[in-house]
> 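Pasting in a structure now, in structure tokens, and then I'll have a few things to ask.
Small disclaimer: the values here were computed from a predicted structure and weren't measured. A, B, ... follow the sequence lines: proteins, then strands. Residue 1 opens every chain.
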Amino acid sequence: MTSERYNARDAEPRWQRQWDEQAIFVSKNDDSRPKYYVLEMFPYPSGRIHIGHVRNYTLGDVLARFMRAKGFNVLHPMGWDAFGLPAENAAIERKVAPKAWTYDNIAAMKKQLRSIGLSLDWSREFATCDPSYYKHQQKMFLDMLAAGLAEREKRKLNWDPVDMTVLANEQVIDGRGWRSGAVVEQREMSQWVFKITKYSQELLSALEGLDRWPDKVRLMQRNWIGRSEGLLIRFALDAATTPAGENELKIFTTRPDTLFGAKFMAISADHPLAQAAAAKNPDLAEFISDIKKIGTAQSIIDTAEKQGFDTGIHAVHPFDPSWKLPVYVANFVLMEYGTGAIFGCPAHDQRDLDFVNKYGLGNTPVVCPEGQDPKSFVITDTAYDGDGRMINSRFLDGMTIEQAKDEVARRLENELRGNAPVGERQVNFRLRDWGISRQRYWGCPIPVIHCPKCDVVPVPDDQLPVVLPEDVSFDKPGNALDHHPTWKHVTCPKCGGSASRETDTMDTFVDSSWYFARFTDPWNETAPTTPAVANRMLPVDQYIGGVEHAILHLLYSRFFTRAMKATGHIALDEPFAGMFTQGMVVHETYQKADGSWVQPAEVKIDVGGNGRRATLLATGEDVTIGAIEKMSKSKKNTVDPDDIIATYGADVARWFMLSDSPPDRDVIWSDERVQGASRFVQRLWRLVNDAVELGKAAPAARPAAFGDDALLLRKAAHGALDKVTSGVERLHFNVCLAHIREFTNTFSEVLQRPGQPAADLAPDLAWAIREASQILVQLFSPMMPHLAEECWQVMGQPGLVSEANWPQIERDLLVEDSVTLVVQVNGKKRGEVTVATAAQNPEIEAAALALDAVKLALDGKPVRKVIIVPKRIVNVVG
RNA sequence: GCUCCAAUAGUCCAAUCGGUAGAGACGAUGCGCUUAGAACGCAUGCGAUGCAGGUUCGAAUCCUGCUUGGAGCACCA
């Protein structure tokens with residue numbers, strides 16, 4: 001029996017070295033076993049790993065280790081999403097070169113990642129900022145350009161006139177740039193886009209087949225793609241009222257049935273008609289410039305007060321030449337969606353209703369809910385968007401919404417103006433093309449040359465990669481690449497004249513849209529992928545990452561995979577067969593009386609009669625316990641993985657991360673629970689050491705029969721094995737851990753029972769103890785691999801537990817001879833009956849009805865029905 | 001604003017199909033061990049499953065309406 005505590009600080013680096021030296025996590029592309037590709041979203045090298053990374057990689061690691069034990073050729077690689085804005089911010093603020101900053105961060109974070117004990121194949125590591133990676137990305141860009149999947153397009157962007165840079169929506173705070181404080185302008189700029197919209201329908205339809213993705217994520221993507229069926233209607237304009245004799249306004253609507261409820265037309269500030277009208281109307285021009293200041297973020301546009309400007313232009317109702325509708329420029333109409341123009345039916349659309357209520361245009365309900373008297377049906381503040389019958393709509397009256405939509409479409413399709421129909425059925429998508437141009441230095445250069453004569457010229461293959469220059473300065477605002485004295489000046493590959501390089505770089509989402517494919521053969525110097533290898537190793541069987549990537553990253557990757565297929569780099573459509581979105585790690589916040597935030601490590605928590613109380617460790621000063629929030633530097637509610645690993649070891653951190661909360665939900669960091677995990681590690685260590693002593697008496701051969709204790713233990717072991725095996729496959733790690741704990745409790749009880757020297761132990765029990773300890777160690781080995789190796793060693797097992805095969809379940813042990821059923825009368829529990837597992841329904845029914853409690857509850861009433869749910873319940877209906 | 005998610009014991013959470021609300025943990029209390037504490041061992045679970053309705057023999061689970069908390073919304077990654 002050992003009295004020594006398990007020393008993680010000593011054991012963990014030792015086992016990490018062993019794994020490393022024996023290269024057991026390196027997967028070979030010529031391995032003939034079935035493959036299993038586990039991937040966690042690769043990190044941005046910010047400098048230090050975050051506790052959220054520990055959770056993400058632990059989840060993946062458990063699965064990777066489990067599948068390895070199950071006999072799969074597991075691919076579990078790691079790399080770095082290394083381009084992006086923070087490196088440039090560091091360059092500006094701390095005068096360090098982005099490249100040096102990035103690679104230093106990678107080195108630091110790699111060291112941290114290694115300390116977690118992850119079963120990663122580091123031989124495949126790369127950073128997206130390595131020219132050996134992005135040269136292939138540039139090649140694929142050119143392939144996509146040739147295939148018509150990349151184009152130039154005008155886009156409206158947030159422009160900071162002082163920093164001379166485009167801003168993300170989140171960098172625009174109250175209409176001003178986050179760093180400069182300058183009022184942000186909306187500027188139209190020429191951008192490179194990927195034609196993701198060519199795949200709108202396919203990306204939507206294929207979601208059906210992604211049955212190992214969370215419904216939530218599929219729904220988010222479905223909404224993002226936003227397919228809607230509707231009608232394109234050409235409204236005639238009263239040319240006398242238009243700025244330059246325009247005579248038509250095209251709108252898209254999904255509600256053509258409500259056409260007789262129309263009160264106004266609204267067009268986007270960017271609509272050509274608005275632009276033309278503004279040219280002749282300074283007030284309108286000012287209005288347009290005002291509403292453009294609010295920014296491009298959807299949430300801001302939607303929550304801003306509805307504003308409109310009557311242009312004086314009139315549109316003509318398609319079913320009534322005498323019906324004129326005023327045309328407004330409105331701040332809630334987007335040029336990017338549909339045609340940038342709508343007709344407003346206030347009674348049945350909340351935005352339109354808010355608008356007319358502000359400008360006094362009134363409303364006419366045209367859909368009346370079933371059972372409501374049309375005469376008394378009025379709309380005041382809340383639009384009605386439910387079902388009903390058409391009213392106030394001439395020839396549509398009495399129809400359902402669907403019939404009315406159809407009738408309007410039919411009539412307008414058949415009505416010609418000029419030589420085109422007035423209406424046309426159309427499918428519209430909300431999805432826009434993917435703008436990839438960034439006016440930034442630290443990104444993958446877009447490999448094209450702008451020639452005054454030849455226009456856009458692709459960089460020839462033999463000149464790839466277009467490498468980022470390193471001698472750049474961040475003294476001036478704007479794009480450092482643009483300011484470089486020589487880099488952009490080149491000769492045109494076509495005509496030989498002087499030309500200039502594209503100085504925009506690619507969105508970092510491009511880098512992360514194919515890294516999973518590169519991992520399958522990162523050694524290929526001549527092509528992005530080796531198709532034979534990529535096609536065999538892909539798709540990723542289980543991808544794991546934060547839900548914040550549920551839309552963009554995953555959708556872009558799905559598109560990019562199709563684009564790679566179209567350009568011959570890969571032969572599949574869907575990159576991720578299984579997707580899992582993990583929750584965040586959150587923590588309480590602490591605040592001093594003066595409002596300043598305090599780190600958890602500085603706070604002492606006392607639990608008393610009237611709840612929890614916090615004081616400052618240093619001074620004893622009272623601290624307010626605030627909301628539980630996502631860990632953030634500004635609120636100081638962070639926990640440093642290095643501290644945790646130094647104090648408790650990686651296994652404790654891993655076990656804590658996996659316990660309690662389901663992986664897809666947020667987990668609250670709790671020191672008490674971390675200590676609980678730490679105590680459990682020691683308990684397992686003692687248990688295994690005790691079991692080793694007792695198991696010494698075990699015969700080599702399996703005994704023919706087992707006594708009660710041995711059988712109890714074996715049932716607990718194999719029951720746990722069964723539950724953990726199926727639980728890990730479904731990523732229900734918190735439940736798996738509970739089953740391991742449960743098994744451990746039973747194991748301890750059995751071990752305490754003999755209470756005698758090992759030599760006297762019954763051979764069958766000793767054998768069962770040895771078997772149970774092997775199963776136990778293997779069960780927790782994916783979660784706490786270091787402790788498991790240490791236990792495996794004291795058990796005298798050959799080799800590494802990380803390389804051992806998953807134990808075989810003996811199903812016979814899981815079958816019980818009898819089963820206890822709950823007996824209900826009219827849905828209320830009245831008793832229990834225990835019957836043989838094989839008992840038939842009449843026998844069960846008779847046993848249930850024979851219970852005194854059942855007779856009493858029935859109170860002489862006849863039995864109307866008996867419902868028997870096998871192995872669960874008997875319900876007697878009286 | 002739009003779209004979506006969640007809510008079970010003091011706390012974190014279990015509960016294949018709609019079938020006994022309790023697996024596991026944290027905390028608390030008591031006992032044992034101990035000079036004492038830590039550690040260790042043992043014991044202790046009444047919550048109308050957020051609220052109001054509905055469907056059903058039967059609802060934590062399905063439906064409707066609310067309340068509260070959270071996520072995403074296109075140049076952060």
Side-chain angles (χ1 to χ4, degrees), chain A residues 5 41 43-44 46 81 83-86 155 157-158 165-171 191 214-217 219-220 222-224 226 296-304 332 336 350-351 354 430-432 434-440 507-509 512 546-553 555 583-584 586 607 609 611-612 627-630 659-662 664-668 670 672-673 675-677 679-680 682-683 686 723 726 730 732 734-735 737-742 744-745 748 752 820-829 832 864-869 871-878:
Chain A
R5 287 170 62 80
M41 290 177 181
Y44 176 78
S46 57
D81 188 13
F83 275 135
L85 200 52
R155 278 285 168 93
L157 301 163
N158 301 312
T165 183
V166 173
L167 298 177
N169 285 329
E170 71 157 25
Q171 295 171 322
Q191 299 277 290
D215 289 341
K216 183 174 68 173
V217 173
L219 187 66
M220 283 165 86
R222 203 168 288 138
N223 291 334
W224 188 257
T296 57
Q298 190 67 51
S299 55
I300 291 174
I301 292 167
D302 286 346
T303 47
F332 59 91
E336 289 79 18
Q350 192 60 47
R351 281 182 321 184
D354 294 345
R430 207 182 69 102
L431 184 66
R432 306 205 306 260
W434 172 15
I436 60 157
S437 294
R438 299 290 182 269
Q439 295 68 42
R440 307 263 159 75
D507 178 8
T508 56
F509 272 125
S512 55
V547 70
E548 67 274 19
H549 291 295
I551 300 179
L552 293 184
H553 164 59
L555 193 64
M584 292 182 298
V586 294
V607 183
R612 301 169 69 244
I628 295 169
E629 293 184 47
K630 178 178 179 172
S659 46
D660 298 339
S661 290
D664 54 348
R665 243 192 270 174
D666 289 353
V667 60
I668 303 169
S670 143
E672 285 101 339
R673 281 165 201 276
Q675 282 159 22
R679 285 198 298 267
F680 186 59
Q682 297 301 335
R683 192 178 156 204
R686 282 194 309 272
K723 285 171 184 152
S726 58
R730 285 178 294 159
H732 291 180
N734 56 324
V735 187
L737 268 55
H739 288 305
I740 292 173
R741 292 247 195 195
E742 194 181 12
T744 305
N745 291 343
S748 299
Q752 275 160 29
T820 301
L821 300 170
V822 167
V823 180
Q824 295 183 331
V825 177
N826 294 329
K828 281 206 179 106
K829 183 181 171 183
E832 293 179 343
R864 284 198 287 143
K865 202 165 37 164
V866 178
I867 293 153
I868 298 174
V869 181
K871 292 182 188 173
R872 295 214 182 262
I873 207 163
V874 181
N875 191 14
V876 179
V877 185

> Reckon Asn745(A) has a side-chain N or O less than 4.0 Å from the OP1 or OP2 of A25(B)?
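So the side chain of Asn745(A) is within the cut-off, an N or O lying under 4.0 Å from OP1 or OP2 of A25(B).
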> Using a 4.0 Å heavy-atom cut-off across all strands, classify His553(A) as base, sugar-phosphate, or nothing.
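Nothing, no nucleic acid heavy atom in range.
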> Is the base of G70(B) touched by the side chain of Asp666(A) through a donor-acceptor pair closer than 3.5 angstrom?
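Result: no qualifying N/O pair found.
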> Considering every strand and a 4.0 Å limit on heavy-atom distances, what is the contact class for Glu832(A): base, sugar-phosphate, or nothing?
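Result for Glu832(A) = base.
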> If the C1' atom of C63(B) is compared with that of C73(B), how far apart are they to the nearest Å?
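One C1' to the other, the span is 29 Å.
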> With nearest nucleotides of RNA chain B determined for Asn734(A) and Arg440(A) from heavy-atom distances, which residue corresponds to the more 5′ nucleotide?
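Looking at the nearest nucleotide for each, Asn734(A) comes out on the 5' side.
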> Search all heavy atoms of Ser512(A) against all heavy atoms of His553(A) and return the closest pair with its distance.
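Scanning both residues, the minimum pair turns out to be O-CE1, 3.1 Å.
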> Mind calculating the distance between NE2 (His732(A)) and C1' (A14(B)) to the nearest angstrom?
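After rounding, the gap between these two atoms is 11 Å.
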> Would you mind classifying the nucleic acid contact of Arg864(A) as base, sugar-phosphate or nothing, using non-hydrogen atoms under 4.0 angstrom?
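Here Arg864(A) touches no strand at all.
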> Distance between the C1' atoms of G22(B) and U8(B), in whole angstroms?
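After rounding to an integer number of Å, I get 10 Å for this pair.
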> Considering only A77(B), A14(B), C4(B), which nucleotide approaches the side chain of Lys216(A) most closely?
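The nucleotide sitting nearest to the side chain is C4(B).
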> At what distance, to the nearest 0.5 angstrom, does CG of Asn826(A) lie from NZ of Lys865(A)?
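The NZ atom of Lys865(A) is 11.0 Å from CG of Asn826(A), to the nearest 0.5 Å.
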> What's Pro43(A) touching, base or sugar-phosphate or nothing? Going by heavy atoms closer than 4.0 Å.
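The residue Pro43(A) makes no contact with any strand.
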> Distance between the P atoms of A23(B) and U44(B), in whole angstroms?
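These two P atoms come out 12 Å apart once rounded.
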> Compare side-chain N and O positions of Arg432(A) against OP1 and OP2 of A74(B) and report whether any pair is under 4.0 Å apart.
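For A74(B), neither OP1 nor OP2 has a side-chain N or O of Arg432(A) closer than 4.0 Å.
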> Could you check whether Ser437(A) gets within reach of a base, just the sugar-phosphate, or nothing at all, counting any heavy atom under 4.0 Å?
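The answer is base, as Ser437(A) lies within the cut-off (heavy atoms under 4.0 Å) of a base atom.
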> When you compare A7(B) with C51(B), how far apart are their C1' atoms, in angstrom units rounded to a whole number?
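11 Å, rounded to whole Å.
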> Thr303(A) side chain: which of G1(B), C75(B), G19(B) is closest?
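Minimum distance to the Thr303(A) side chain belongs to G1(B).
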> Please determine if a side-chain N or O atom of Ser299(A) lies less than 4.0 Å away from the OP1 or OP2 oxygen of C73(B).
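Checking C73(B) against Ser299(A), no side-chain N or O comes under 4.0 Å of OP1 or OP2.
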> Give a yes or no answer on whether the side chain of Asn734(A) reaches the backbone of Asp660(A) with a donor-acceptor pair at less than 3.5 Å.
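Yes, because the side chain of Asn734(A) sits within donor-acceptor range (under 3.5 Å) of the backbone of Asp660(A).
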> Could you tell me whether Glu742(A) contacts a base, only the sugar-phosphate backbone, or nothing, with contacts defined as non-hydrogen atoms closer than 4.0 Å?
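The residue Glu742(A) makes sugar-phosphate contact but no base contact.
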> With no angle test and no hydrogens, is the base of U11(B) tied to the side chain of Arg673(A) by a donor-acceptor pair under 3.5 Å?
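Pair found.
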> In whole Å, measure the gap between the C1' atoms of A25(B) and G45(B) for me.
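Each nucleotide's C1' atom is 14 Å from the other's.
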> Is Gln350(A) touching bases, backbone alone, or none of the nucleic acid, heavy atoms closer than 4.0 Å?
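Counting heavy atoms under 4.0 Å across all strands, no contact is made by Gln350(A).
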> Could you check whether Arg155(A) gets within reach of a base, just the sugar-phosphate, or nothing at all, counting any heavy atom under 4.0 Å?
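No contact.
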> Reckon Leu157(A) touches a base, only the sugar-phosphate, or nothing at all at heavy-atom distances under 4.0 Å?
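The answer is base, as Leu157(A) lies within the cut-off (heavy atoms under 4.0 Å) of a base atom.
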> Rounded to the nearest 0.5 Å, how far apart are CG of Leu552(A) and CH2 of Trp224(A)?
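Taking CG in Leu552(A) and CH2 in Trp224(A), the distance rounds to 5.0 Å.
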> What contact category does Val166(A) fall into here, base, sugar-phosphate, or nothing, at under 4.0 angstrom with non-hydrogen atoms?
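The answer is base, as Val166(A) lies within the cut-off (heavy atoms under 4.0 Å) of a base atom.
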> With hydrogens left out and only the distance checked, is there a donor-acceptor pair under 3.5 Å joining Glu672(A)'s side chain and the base of C12(B)?
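Absent.
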> Both Gln824(A) and Leu167(A) contact RNA chain B. Which one's nearest nucleotide lies toward the 5' end?
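Mapping each residue to its closest nucleotide by heavy atoms, the 5'-most match is Gln824(A).
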> Out of U20(B), G24(B), A77(B), which has the shortest distance to the side chain of Val822(A)?
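Side chain of Val822(A) sits closest to U20(B).
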> Give one of base, sugar-phosphate or nothing for Phe680(A), where a contact means two heavy atoms less than 4.0 Å apart.
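No contact.
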> Keeping Asp666(A) on the side-chain end and Gly583(A) on the backbone end, is there a donor-acceptor pair under 3.5 Å?
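No.
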> Counting C-beta onward and ignoring hydrogens, is there a side-chain heavy-atom pair between Val822(A) and Ile873(A) closer than 4.5 Å?
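They are in side-chain contact.
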> Would you please confirm or rule out a distance under 4.0 Å between OP1 or OP2 of A38(B) and any side-chain N or O of Arg679(A)?
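So the side chain of Arg679(A) is outside the cut-off, no N or O lying under 4.0 Å from OP1 or OP2 of A38(B).
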> Any strand counts, and the cut-off is 3.5 Å on both contacts for Watson-Crick or G-U wobble. Which nucleotide pairs with G32(B)?
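When the pairing criteria are applied, C40(B) turns out to be the nucleotide that pairs with G32(B).
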> Could you walk me through whether Arg683(A) and Ser748(A) pass the side-chain contact (heavy atoms from CB on, under 4.5 Å) check?
CA-CA 10 Å; Arg683(A) 192 178 156 204; Ser748(A) 299; 3.3 Å; yes
> Distance between the C1' atoms of G10(B) and U29(B), in whole angstroms?
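Each nucleotide's C1' atom is 13 Å from the other's.
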> Just call it for Lys829(A): base, sugar-phosphate, or nothing, with non-hydrogen atoms closer than 4.0 Å on any strand.
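Answer is base: heavy atoms of Lys829(A) come under 4.0 Å of a base.
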> Which is true for Trp224(A) with a 4.0 Å heavy-atom rule: it touches a base, it touches only sugar-phosphate, or it touches nothing?
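If one applies the 4.0 Å heavy-atom cut-off, Trp224(A) turns out to touch a base.
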> Has Ser670(A) got a side-chain N or O lying under 4.0 Å from the OP1 or OP2 atom of C12(B)?
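Checking C12(B) against Ser670(A), no side-chain N or O comes under 4.0 Å of OP1 or OP2.
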> Can you tell me which nucleotide in C57(B), A23(B), U16(B) comes closest to the side chain of Arg872(A)?
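When the side chain of Arg872(A) is considered, U16(B) is the closest of C57(B), A23(B), U16(B).
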> For the atom pair CZ (Arg430(A)) and CZ (Arg222(A)), what is the distance rounded to the nearest 0.5 Å?
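Between Arg430(A) CZ and Arg222(A) CZ, I get 14.5 Å after rounding to 0.5 Å.
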> Can you tell me which nucleotide in C12(B), A77(B), A74(B) comes closest to the side chain of His549(A)?
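Closest nucleotide to the His549(A) side chain: A77(B).
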> Give me the distance, rounded to whole Å, that separates G24(B) from A59(B) when you measure between the P atoms they each carry.
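About 27 Å, rounded to a whole number of Å.
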> Could you give the distance separating U67(B) and G50(B) at their C1' atoms, to the nearest angstrom?
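Pairwise C1' distance, G50(B) against U67(B), rounds to 7 Å.
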